[in-house]
Amino acid sequence: MEVEESSPSSSSLSSPAGSSDSIDLNFLPFLKREPKSEPASPERGPLPLPAPPAQTPQQQHAAAAAAPAASAAPPPATPDMSFAPVMTPLQALPPNPDEDALLREYYRLASLYLSSAGTGAIVSAPAPGAAAPAVVQPGSGSVVKKRRPRSSELVRVSSLGVRDQIYFRDLVRRARITFECLRGLLLRDDERAESLGLGGVAGYGGGGDRRRVRADLRAAALMADQDLWLNRDRRIVGSMPGISVGDAFFFRMELCVLGLHGQVQAGIDYVSAGRSASGEPIATSIIVSGGYEDDDDRGEVLVYTGHGGRDPNLHKQCVDQKLEGGNLALERSMAYGIEIRVIRAVKSRRGPVGKVYFYDGLYKVVDYWLDRGKSGFGVYKYKMLRIEGQEPMGTVNYRIAEQLKVDVFAVRPTGYLSFDISMGRELLPVALYNDVDDDRDPLLFEYLARPIFPTSAVQGKFAEGGGGCDCSENCSIGCNCAGRNGGEFAYDKTGVLLRGKPLVYECGPHCRCPPSCPNRVSQKGLQHRLEVFRSRETGWGVRSLDLIKAGTFICEFSGIVLTQQQSEIVAANGDCLVRPNRFPPRWLDWGDISDVNPEYVAPDYPALPELNFAIDVSRARNVACYFSHSCSPNVFVQFVLFDHYNASYPHLMIFAMENIPPLRELSIDYGMVDEWVGKLTM
DNA sequence: GAAATTTCATCATG
DNA sequence: CCATGATGAAATTT
């Protein structure tokens, strides 16, 4: 497969996916168009509801199975839980000239995304105090772009090599960053407009201004305008490249942007009957939101209720469901053995909506029947079994972690070496867990929650840059500290970093503003329950019991800070030094929305002095020291100043680069040379 | 809790 | 037969 021709800027992409031969695309054209194929369902026309004490679902299903097979002769719907990656041999298919279209689409997106990254394009900085909206939205007179409809061609992607996985992971991360940062900036712009008393007040029922109010929808729309939604050219069956079991999401729109689930509200996503090759609808994913009273979710076994038949206002069934649309699609997917992606919603206050969506992996529909729901009306039910051999479910990890916070021994009776290696020095306890071997190494180090800077570096450096601000309330645009940050604060009101910068200035001890000032974030310390744990793959590692939202602060990199001279002496006898200039500037990626708004490029930041100091972690260290290395990391380093203003000695603050679900290992890019990386596991 | 908002499937029409 | 537009549904979100 050649990709060059389709990706003009492929120099930066040169076969990033490790050339395509490691990718299998299994097309599913076995669904041949049959003019008169009917579902192998017992009902046509009016649906015979089981009389109250009548048939059990199983009995009714048995009747369904006994019914003559449909003319399309789908394979028998035996619960085949083996994960057969190849459903139809590729050789048996008619040659498909467009076989690599999926890859090409990825490369097209990649070139869109990457062309703007790291180019260092710099325009003039906004004047201090200026508050231009970050996102200029198309006015009412703008041309409405025609958007490509989503394809209906079913395809399965399997056998991704390691390089491909990293490549797609980065691509997905890039899209998610664009979405999330766009949303954050739109919200900030709204607040500004509101505080300035401009028209178009956000909120419903408002007057004449027809502004769209929901930032998630606006962000998604802006991305759609640039054709930045993923997976629109093929309908992927099974797992999505770049999305792992356990991943967390906060918005339905996010799922649409990624193509994981294309319905804005509906719980069943499917290829429509009219557009499918066989003329039958085929379901590919569902969302278990907990809103249907007749659902019965036991985790690995799930009884899912079809959609429809509800009163739009009350959350109650009011008429019988029909075997059509998504309901029929689920039945057809069962008949064809099509696996279904399952996304579950869980209540959580960490999410902006009070709700989090976890991708829980692939299931197969093994049974379905028409039942009488709690409301007394007919509902379709689908029994689904999780396919074995997948990573643990996101919702399961979430529940385990929640339980661990309450009652450790109920979940892990043994293995904890310490419940708080910080001995109370951190805001929250940092546990130490090892159920793998006898290593107790982290107990040997003094725990240092804050780095100790050399006095020569810090003394007399408090007032540099004009000192602190004089705000008596929370800081706002125009104050001294805002100016130091180039006119805008780095965080939104919830403490999410809006965009990575070479250096972020938080308000410090010399500012008058209260501790509640939104420009004080990383200085407040740990906000997530972290745990150092032993793993066979990565040695010591770190994970969180709390769901970590992308862009939030996690922890600081602590230790004894050495000047360049000091570090040269120490380095002679064994290397236990962390060098800040080794970290690749991953902060560049966070907050980069140049794909959507090329105008919003990095302002002309003042050049940072070279960072020649080192952090000695040989005696004293904190939890950050145990982060594993990855070249596709989920956290990054942002330099921050607050207690002193010597730009040569910033704090190394670690932020989340993506939503990190509970119990997933945190990983950082140490910028290690390849030979080292080879020794570690990726 | 109701209203606003989007996408998609479906159906009708040309 | 394909393209286009209108319509209604949807386990959302604020």
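Order of the sequence lines fixes the chain letters, A, B, ..., with proteins taken first and strands second; residue numbering starts at 1 for each chain. Just so it is clear, the structure is predicted and the values come from calculations on it, not from any experiment.
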(request) Please report, rounded to the nearest Å, how far the P atom of C:dT14 is from the CE atom of A:M253. (result) 12 Å
(message) Closest-nucleotide mapping onto DNA chain C: is A:F250 or A:G309 further toward the 5' terminus? I mean the 5' end.
(response) A:G309
(request) To the nearest Å, give me how far apart CD1 (A:I286) and P (C:dT12) are. (result) 14 Å
(request) Using a strict cut-off of less than 4.0 Å between a Lys/Arg side-chain nitrogen and an Asp/Glu carboxylate oxygen, indicate whether A:K364 and A:E339 qualify as a salt bridge. (result) no
(message) Under 4.0 Å between a side-chain nitrogen and a carboxylate oxygen: does that hold for A:R499 and A:E488?
(response) no
(request) To the nearest Å, give me how far apart CG (A:L330) and C1' (C:dA11) are. (result) 13 Å
(request) Extract the stems that DNA chain C is part of, considering only consecutive pairing runs of at least three Watson-Crick or G-U wobble pairs, both distances under 3.5 Å. (result) B:2-4 with C:12-14, B:6-14 with C:2-10
(message) Nearest whole Å is fine: how far is C:dT12 P from A:Q265 CD?
(response) 6 Å
(request) Calculate the interatomic distance between A:D311 atom CG and B:dA2 atom P; express it in whole Å. (result) 11 Å
(request) In plain terms, say whether A:R169 and A:D247 are close enough for a salt bridge, that is, a side-chain N and a carboxylate O under 4.0 Å apart. (result) yes
(request) Specify the separation, in whole Å, of atom CZ of A:F179 and atom C1' of C:dT13. (result) 12 Å
(request) Decide yes or no, distance alone: a donor-acceptor N/O pair under 3.5 angstrom between the base of C:dT12 and the side-chain of A:R214. (result) yes
(message) For C:dA10 and A:Y292 - does any side-chain N or O of the residue sit under 4.0 Å from the phosphate oxygens OP1/OP2?
(response) no
(message) Under 4.0 Å between a side-chain nitrogen and a carboxylate oxygen: does that hold for A:R252 and A:D216?
(response) no
(request) With heavy atoms under 4.0 Å as the rule, sort A:G326 into base, sugar-phosphate or nothing. (result) nothing
(request) Send over the distance from A:D190 CG to C:dT13 C1', rounded to a whole Å. (result) 14 Å
(request) Output yes when A:R372 and A:D294 qualify as a salt bridge under the 4.0 Å nitrogen-oxygen rule, no when they do not. (result) no
(request) Would you mind checking if A:R350 and A:D546 are paired as a salt bridge, meaning a charged N to carboxylate O distance below 4.0 Å? (result) yes
(request) Would you mind telling me which residue lines up with the more 5' stretch of DNA chain C, A:S289 or A:A215, judged by nearest nucleotide? (result) A:S289
(message) With a 4.5 Å cut-off on side-chain heavy atoms, are A:V496 and A:Y491 touching?
(response) no
(message) Under a 3.5 Å distance rule, please check whether A:D360 uses its side chain to pair with a backbone N or O of A:G394 as donor and acceptor.
(response) yes
(request) Please report, rounded to the nearest Å, how far the C1' atom of C:dA10 is from the CZ atom of A:R252. (result) 8 Å
(request) Answer yes or no: is there a donor N or O on one side and an acceptor on the other, between the side chain of A:D371 and the main chain of A:G373, under 3.5 Å? (result) no
(request) List the protein contact pattern of nucleotides 8-14 of chain B with one symbol per nucleotide (5' to 3'): B for base contact, S for sugar-phosphate-only contact, - for none; contact means a heavy-atom distance under 4.0 Å. (result) SSS----
(request) Scan A:Y357 against the nucleic acid and name what it touches under 4.0 Å (heavy atoms): base, sugar-phosphate only, or nothing. (result) sugar-phosphate
